Structures are given as C-alpha cells and as structure tokens.
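Heads up, the thing below is written out as structure tokens.
Predicted, not measured: the structure shown is a model, and the values here were computed from it.
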Amino acid sequence: MGLFDIFRRHKKKEEEKSAESSSAAVQSATADEKSANTPSTAPASSAIKQPEPVNIPPADSYEEKINPDGSHEVIHNGKEEKTEEASQSSAAEEVSAEPESSTVVTEEATNDESEAAPAQDESVSEEETVEEETETSKDETLSDIDEAAKSDNDVTNTEETPEPEEETETVKKYDRGLEKSRTGFGARLNKFLANFRHVDEDFFDDLEDMLIESDVGYDMAMKLSDELREEVKLQNAKSKQDVSNVIIEKMVELYDEAGQDENPDLTMAKEGPTVIMFVGVNGAGKTTTIGKMAALFKKQGKKVLLAAADTFRAGATEQLDVWAKRDGVDIVTGPENGDPAAVVFDAVKRAKDEEYDVLFVDTAGRLQNKVNLMNELAKMKRILTREIPDAPHEVLLVLDATTGQNALNQAKLFKESTDVTGIVLTKLDGTARGGIVLAIRNELHLPVKYVGLGEKVDDLQKFDAGDFVYGLFKGLVEVD
C-alpha cells in the first residue's frame with residue numbers, strides 16, 4: 001500500500017469516527033429537546049377545581065317560634081321563615097338525633113346546596129376533561145418515545161460496523177510512541193524546506209544531510225537522493241508541501257521495495273513447542289522484551305515457558321524470574337556463571353514433556369567478547385535442534401532504537417554470526433530518529449517483527465508498516 005493510500009485510509013477512518021460522534025451528539029440533543037417539550041404528567045387531581053363549600057350557619061343561630069294557630073316559625077339571623085309542620089317535625093327529629101354538631105336544614109340552606117350542586121357537577125366535568133387531556137398527553141408522549149426509539153434503531157441498523165476497539169488502540173499507541181520521532185523528523189524536514197527555493201545541487205546536498213540525521217542510513221540517504229532528482233522534476237513539485245510529499249512518498253516506496261519478500265509474522269511450530277531465541281547486546285532490552293511477549297502470549301491462552309540462559313550478567317536470572325511471576329508463567333533457571341547450554345537443555349526437555357506451547361530463550365549479550373558469545377549461541381542452537389529438529393523457529397535480534405547507527409552496526413555483527421530471522425526494535429518512544437527502521441530493512445533486509453512503543457506491558461506491539469508510516473509522518477503529508 002502506497003503512502004497516500006495509507007493516509008487516505010486513516011483519514012477516512014477519522015472522518016467516519018468524527019461523523020459518528022456528530023451523529024451521536026445530534027441524537028442526544030434531539031432527545032433532550034423532546035424531553036423538554038413533553039407535557040407534564042402531574043396527577044390530574046392537582047389541576048381539578050374544588051367545589052366551593054356550602055356555608056350552613058350553626059344550630060345555635062336558629063330560633064324556633066310557635067304561633068297561636070299551632071304553626072311553627074324559624075327565626076334565622078333575625079328573619080322569620082314559615083315552614084310546614086311536618087317539615088319542622090322532621091327537622092326537630094334530626095336535631096334531637098344529632099345534638100350540637102347537627103344542623104337544622106332550612107329553605108335557605110337547601111337553596112344554597114342546590115346552587116352549589118351545579119358548581120360541583122361542573123368541577124367533576126372539568127376533572128374528567130383534565131384526566132382525558134392527561135391521558136392523551138401520555139399517549140402522545142409514549143408515541144414520541146416509540147418513534148424516537150424506532151429512529152435510533154434505524155440509525156443503528158444503517159450505520160457501518162465500527163472498527164474494532166483493539167485496532168483503534170493500536171493506532172493510538174503508534175501515534176504516541178512515534179511522537180518524538182515524528183516531531184524530530186518534522187523539525188528537520190521543515191528546517192530543510194525553509195531554505196527551499198528551487199531544485200538544484202544544494203537542495204540534494206541538504207536533503208542527504210537531513211536524511212542521515214534522521215538515521216535512515218547513509219546508503220538509504222544516497223539512494224533516496226538519486227531517485228528524487230528525477231522524481232521531483234517528474235511530478236513538477238513546486239511548493240514546499242509538494243516537495244515534502246514527494247520526499248516522504250519516495251522513502252515509503254523504497255521501504256516497501258526492500259521488504260517485498262519479508263514475513264512480518266512469527267514462525268510457529270506446526271506441532272510441539274515453538275522455540276524463540278532472543279539475542280542482542282546487554283542493555284538493549286532483551287529480558288524486558290521476553291517478559292512483555294510472554295504476557296502477550298499468555299493473554300492469548302498459550303502455555304509459556306522461559307529459559308534464563310543469560311547466566312553471566314549479574315541479576316539477569318532474577319530479573320527474568322520477576323517477569324515470570326508477574327506474567328504467571330513458568331521458568332527454568334541455572335546457577336550463576338553456570339553453563340547456559342545446560343539451562344537450554346533442561347528447558348527444552350521440560351517444554352516437550354509438559355507440552356508447552358512456546359519456549360522463550362534469553363541469552364547473553366557480551367558483544368565485546370564476540371567469539372565466545374557466538375560459540376555459546378551456536379552450542380545452544382545445536383541442543384535445541386537435536387531435541388526439536390525445526391528449533392529454534394525464530395531468532396529475534398533485540399535492538400535499542402535510541403542508539404541509532406550503533407544499533408545498525410550491532411545488527412550487522414549478529415547477522416554475520418548467527419541466523420537472525422527478525423528484529424525487535426525497543427524504546428522507539430524514546431528516540432527522535434525513527435528512521436532506523438528504514439535503514440534496517442534497506443541494509444539488512446530483516447523484517448521488524450515487534451516494536452516497543454512505551455514502558456507498559458501492552459506497549460510491545462506487532463509491527464505494522466502502515467501504522468508505522470502513518471505514525472512517523474502524520475501531519476507532514478497532505479492528501480485529497
């Protein structure tokens with residue numbers, strides 16, 4: 001995949017993610033607006049108009065008078081009212097049945113009650129109307145909610161399947177891990193382009209210096225310079241951005257060409273334990289890399305065994321033992337300054353007998369004593385091959401990215417002395433010269449299989465050329 005294809009792919013993903021976020025924000029705002037506009041569903045009784053009470057005067061405000069003709073008169077607040085004797089008789093019985101608290105029903109009281117009755121009926125009718133309106137409001141609200149839910153489901157069903165969370169996290173880790181390299185390379189490139197006027201010999205001389213400072217290697221810098229002489233003219237690059245795009249695009253093309261036959265995946269055994277040896281100078285991060293990779297394989301459900309065959313470096317066995325306990329995996333150790341080949345023999349026997357999936361072998365890294373070191377490595381490999389014919393399945397060279405060209409020289413020495421199958425580039429987050437990846441592939445033709453993008457256990461990531469290129473040149477390349 002070319003440079004611009006990589007950037008277009010990432011740009012498309014970012015736009016899709018941004019669109020998803022905007023859509024979610026719009027849906028949330030719509031839901032909030034509907035909630036705010038929904039009528040209150042407070043109990044209907046609180047909105048009902050209560051009937052006015054009928055004021056009946058107390059019993060002691062009435063006075064009864066018997067006329068000479070035998071008729072009765074009720075005096076109320078100084079007013080005389082005549083009633084039928086039968087009615088007064090009934091009223092008298094009620095008064096006697098309910099003393100003090102009872103009330104004598106008069107024509108005026110009756111009239112008051114009759115006047116109040118229509119008001120009560122009116123309030124009841126009003127209550128029924130409010131209840132009907134409330135029920136209608138509830139139905140409308142439920143209908144709105146159902147439509148909103150249906151709309152959300154429709155949106156969900158029409159959306160594309162989101163990218164896996166793991167893939168997103170990997171891109172973020174490359175972005176963070178390559179920040180120093182991206183900033184450093186970008187600063188050098190911007191400084192180079194600041195003096196850009198037109199393409200001439202001074203332009204290419206400055207370009208070569210800039211590339212060498214970025215640790216892409218002398219050979220890679222010369223090759224790039226030669227090919228760019230024609231490429232810049234061919235693409236009619238005139239602006240600074242055009243020139244920048246051409247330079248980076250050509251770097252990626254050469255990187256792809258140099259690794260056409262490389263296999264970035266680890267070679268795993270078809271049956272029995274997979275044996276992986278780790279080589280490299282002391283301080284490059286071999287033991288830490290083994291610990292992190294053991295955690296990665298354990299997380300995948302593999303049964304992992306470690307072999308502490310670096311018996312000469314003080315504390316190497318103890319350090320690997322700490323990682324084994326932290327990862328929850330087993331380890332085979334030997335005495336300090338003991339024979340590393342003996343540790344390897346015990347480890348490979350145990351890996352076979354107890355059916356382990358993976359055996360990681362830590363080795364010494366005394367490059368200053370090159371002959372003895374290489375003899376030890378050769379002896380270990382003979383033992384492994386004798387027990388498991390295809391072993392070791394991988395010999396991974398661990399390099400410290402912060403050492404730049406020194407790491408490249410170490411790689412050349414180890415490659416001459418042993419069959420290195422791949423590179424683990426550690427501490428990539430701590431250097432401003434990530435171009436070492438391009439130099440390794442161009443000069444050694446060895447695949448980088450894992451990279452260390454931070455100090456956390458899960459910051460050891462399988463190398464992805466597309467994510468690496470995007471992380472290294474993000475912000476420096478413009479695409480349509």
Side-chain angles (χ1 to χ4, degrees), residues 169-191 210-217 220 248 251 255 264 278-296 310 313 315-316 319-320 322-323 326 362 365 367 396-414 422-444 446-476:
E169 285 300 317
T170 301
V171 174
K172 289 180 179 177
K173 286 175 182 177
Y174 270 92
D175 188 14
R176 290 194 303 267
L178 293 169
E179 184 176 1
K180 285 187 178 180
S181 293
R182 179 171 61 248
T183 303
F185 182 83
R188 283 187 286 272
L189 182 61
N190 289 333
K191 181 181 178 181
M210 186 272 291
L211 294 172
I212 293 172
E213 288 175 1
S214 301
D215 268 345
V216 301
M220 182 72 160
I248 297 173
M251 289 174 66
Y255 177 79
F278 291 82
V279 300
V281 300
N282 293 336
K286 283 197 313 297
T287 306
T288 300
T289 298
I290 293 172
K292 290 181 178 181
M293 197 172 291
L296 180 64
D310 185 359
R313 181 171 67 87
Q319 183 183 359
L320 193 61
V322 169
W323 272 108
R326 183 185 300 174
D362 190 13
L367 195 57
L396 299 180
L397 173 60
V398 181
L399 297 176
D400 181 349
T402 62
T403 60
Q405 290 300 305
N406 286 335
L408 192 63
N409 294 331
Q410 293 168 18
K412 291 177 180 179
L413 290 173
F414 273 97
I423 303 289
V424 177
L425 197 58
T426 65
K427 309 175 188 178
L428 199 57
D429 59 311
T431 180
R433 297 179 295 185
I436 187 66
V437 174
L438 284 71
I440 289 171
R441 173 172 279 189
N442 180 68
E443 297 188 30
L444 302 177
L446 286 173
V448 176
K449 300 204 170 187
Y450 279 85
V451 288
L453 300 171
E455 297 180 357
K456 296 180 181 178
V457 173
D458 58 354
D459 284 335
L460 180 70
Q461 291 288 317
K462 187 177 182 298
F463 181 71
D464 184 285
D467 290 338
F468 176 81
V469 167
Y470 183 72
L472 186 60
F473 301 123
K474 179 182 177 182
L476 302 176

Heavy-atom check, side chain of [X] versus side chain of [Y], under 4.5 Å:
{"X": "V398", "Y": "I290", "answer": "no"}
{"X": "L444", "Y": "K412", "answer": "yes"}
{"X": "M210", "Y": "L189", "answer": "yes"}

Minimum heavy-atom distance between [X] and [Y], given as atom pair plus value:
{"X": "G217", "Y": "A439", "answer": "N-CB, 4.0 Å"}
{"X": "A295", "Y": "V457", "answer": "CB-CG1, 3.5 Å"}
{"X": "A465", "Y": "Y255", "answer": "CB-CE2, 4.1 Å"}
{"X": "Y174", "Y": "D464", "answer": "OH-N, 2.8 Å"}

Output the distance between atom [atom1] ([X]) and atom [atom2] ([Y]), rounded to the nearest 0.5 Å.
{"X": "D215", "Y": "F185", "atom1": "CG", "atom2": "CZ", "value": "11.5 Å"}
{"X": "K180", "Y": "D429", "atom1": "NZ", "atom2": "CG", "value": "7.0 Å"}
{"X": "E455", "Y": "K292", "atom1": "CD", "atom2": "NZ", "value": "7.0 Å"}
{"X": "L460", "Y": "L428", "atom1": "CG", "atom2": "CG", "value": "11.5 Å"}
{"X": "N406", "Y": "L399", "atom1": "CG", "atom2": "CG", "value": "11.0 Å"}
{"X": "L472", "Y": "M251", "atom1": "CG", "atom2": "CE", "value": "7.0 Å"}

If the test is side-chain contact (heavy atoms from CB on, under 4.5 Å), which one of L178, D175, V469 qualifies with K474?
D175
Which residue is it: I440, V451, I436? I am looking for the one with a side-chain contact (heavy atoms from CB on, under 4.5 Å) to I423.
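Running side-chain contact (heavy atoms from CB on, under 4.5 Å) over I440, V451, I436 with I423 returns exactly one hit, I440.
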List the steps, then state whether side-chain contact (heavy atoms from CB on, under 4.5 Å) holds for T287 with R313.
CA-CA 11 Å; T287 306; R313 181 171 67 87; 3.2 Å; yes
Is it the case that the ring center of F468 lies less than 6.0 angstrom away from the ring center of F463?
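Centroid distance F463-F468: below 6.0 Å, so yes.
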Taken in chain and number order and not counting sequence neighbours, the residues that satisfy side-chain contact (heavy atoms from CB on, under 4.5 Å) with K427 are D400, T402
Among all residues two or more places apart in sequence or in another chain, which pass the side-chain contact (heavy atoms from CB on, under 4.5 Å) test with L296?
Q300, Y450
Salt bridge present between K173 and D467 (N-O < 4.0 angstrom):
no
Output, in order, the C-alpha distance, side-chain angles, deciding distance and verdict of side-chain contact (heavy atoms from CB on, under 4.5 Å) for T289 and T426.
CA-CA 8 Å; T289 298; T426 65; 3.4 Å; yes
Suppose we screen for salt bridge (charged side-chain N to carboxylate O under 4.0 Å, His left out). Which residues come up paired with D459, at least two apart in sequence or across chains?
none
So with a 6.0 Å cut-off around NZ of K462, is the heavy-atom count from everything else above 12?
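Counting other residues, nucleotides and ligands, NZ of K462 exceeds 12 neighbours.
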Please determine whether the number of non-hydrogen atoms from other residues, nucleotides or ligands lying under 6.0 Å from atom CD of Q405 exceeds 12.
yes
Taking F278's backbone N and O only, do any of them form a donor-acceptor pair with K286's side chain (distance below 3.5 Å, no angle check)?
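No; zero donor-acceptor contacts below 3.5 Å.
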Within the distance-only criterion (no hydrogens, no angle test), does the side chain of N190 pair as donor or acceptor with the backbone N or O of G186 below 3.5 angstrom?
yes
